[in-house]
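Quick one: structure below, then a few questions.
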Amino acid sequence: MSKLFGSSGVRGIVSVDLTPVLTCKVASAVATYTKAKKAVVGKDTRVSGNMIEDALVCGLQSCGVDVFLVGYVPTPVCAYATKAYGADVGFMLTASHNPAQYNGIKVFNGNGLSLTDPQQLAVEKVVVENRYGLADWRELGSTTASDATATYIKMVNDSVSLKKKWHIVVDPGCGAAFSMGPALLKSLGCKITALNAQPDGYFPARKSEPSVESLHDLSKAVAALGADIGIAFDGDADRVAFIDETGGFVNFDRSLAAYSGYVLKRSGGGIVVTNVEASMCVETMAEKYGGKVVRTRVGDIYLSEAIVNNGAVFGGEPCGAWIYPQQHLCPDGLLSAAMFLAALEDTGKTVSEFVGEVPEYITLRENFACKNDAKYGVVDQIGDLLKTVFSDYIEFTTVDGVRLSLKNGWLLIRASGTEPLIRLTVEGRTLAVAKDITTKATALIHKQVEA
Ligand code: MG
């Protein structure tokens with residue numbers, strides 16, 4: 001596995017892991033490896049965004065790459081612009097949902113697809129071997145500022161049209177969708193009330209990861225205003241979260257399962273792709289509408305690959321990152337918002353009715369601090385111990401971390417691709433089952449982390 005790249009590109013704490021020097025090297029290495037002539041560069045609203053952008057652009061220009069700067073945009077807009085502009089490569093400077101001190105570099109190929117693992121390794125090799133294809137001083141790259149907004153909004157409006165004037169409370173959380181989120185929903189004819197729609201890289205209003213806690217204000221606003229729906233994005237808006245018409249937070253697994261069921265019903269079956277962390281309610285809904293579920297490792301690149309390889313109609317991770325292969329292959333929170341509204345309109349249902357069709361299993365998630373250099377080893381060692389503790393297990397897989405299927409639920413233990421954490425996910429048909437599995441697994445993880 002690459003040391004520089006995690007499951008979502010290069011990411012780390014600014015001035016500790018991610019420095020301008022490293023950024024410049026990564027940019028030159030990507031340019032050298034891909035032989036790119038034209039690049040698109042976007043950024044989220046983080047305090048370090050301008051500095052990291054300057055370093056990145058410097059590395060690209062030094063290798064003769066012409067750069068189109070699309071400014072503060074969501075990740076899917078940057079990915080879409082990379083393809084739409086006919087660029088060879090795209091760079092999104094973001095640390096997604098991570099706290100304000102982080103930043104990162106997400107790299108797309110000319111189709112707007114994240115670089116694959118082998119491609120990332122090849123880029124890393126250029127950095128390690130320090131062999132950059134620097135351009136002659138007369139052939140250095142240029143920079144051009146460009147607005148990608150209109151191109152992207154047209155794509156969504158070509159894909160979705162709404163008849164109803166939905167009243168939406170939208171919460172970009174001061175992140176990359178601060179302008180585009182409200183603008184896109186307005187372009188679809190919706191009535192918008194916006195919260196936290198000023199750009200602020202300190203994320204003062206809420207954490208950039210959407211959750212019940214971080215979307216508390218949005219829930220209250222939806223209920224108080226009697227709005228139809230609340231829509232929130234993570235820091236770079238490749239993820240979406242919904243609040244129903246009563247102000248209730250919609251569980252990520254259930255919205256994913258409900259939408260998967262809807263797409264399969266509309267397309268008369270087919271394949272949906274999700275990752276090993278998603279609830280078994282996705283299978284329940286897929287089976288109901290004659291479809292099949294393919295599960296991948298966690299990380300949107302693996303979903304995109306599996307969507308292409310299986311000819312899937314839709315794919316999504318239970319963090320709210322949903323992919324629509326007919327539009328493009330980058331998870332897209334903004335497009336998801338539009339598509340979800342269209343599905344509600346098509347079925348004539350409210351948010352709670354739409355999601356209410358999905359059975360409610362109990363999912364519990366816990367994170368355990370564990371150093372980056374130890375986390376993969378801990379997970380590797382824990383498999384055999386798990387099989388001893390849960391001796392009546394039905395299936396054991398290591399597609400990503402270790403996953404055990406049990407009679408009335410399952411558990412997954414995996415190392416985070418972006419943070420010094422081990423993540424435990426447990427699902428049970430009842431709360432008692434889920435709690436029992438969690439207690440046993442937690443004890444085991446603590447013992448291994450401390451060992
Ligand atoms: Mg994100």
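One-based numbering, in listed order, for ligands and for the atoms of each.
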Sort and list the pairs that fulfil salt bridge (Lys or Arg N to Asp or Glu O under 4.0 Å) and have at least one residue in residues 176-195, not counting sequence neighbours.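 Every candidate salt bridge (Lys or Arg N to Asp or Glu O under 4.0 Å) pair involving residues 176-195 fails, so no pair, neighbours aside, qualifies.
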
Do Ser208 side-chain atoms and Asn98 backbone N/O form a donor-acceptor pair below 3.5 Å?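 Flag set: sc Ser208 to bb Asn98 pair under 3.5 Å.
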
Is it true that the side chains of Thr284 and Tyr361 contain a donor and an acceptor less than 3.5 Å apart?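 Per modelled atom types, Thr284 and Tyr361 side chains form a pair under 3.5 Å.
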
Is there a donor-acceptor pair closer than 3.5 Å between any side-chain N or O of Asp234 and the backbone N or O of Ser96?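 No, the answer is negative, given that no donor and acceptor are paired below the 3.5 Å cut-off.
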
Would you mind counting protein N, O or S atoms that sit less than 2.8 Å from the Mg ion (ligand 1)?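 Considering protein N, O and S only, the Mg ion (ligand 1) has 4 within range.
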
Out of curiosity, Phe5 CZ to Ile105 CD1, how far, rounded to the nearest 0.5 Å?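 With rounding to 0.5 Å, CZ (Phe5) is 7.5 Å from CD1 (Ile105).
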
Can you see whether Asp346 engages Tyr262 through a side-chain donor-acceptor pair at a distance of less than 3.5 angstrom?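 Asp346 vs Tyr262: donor-acceptor pair found between side chains.
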
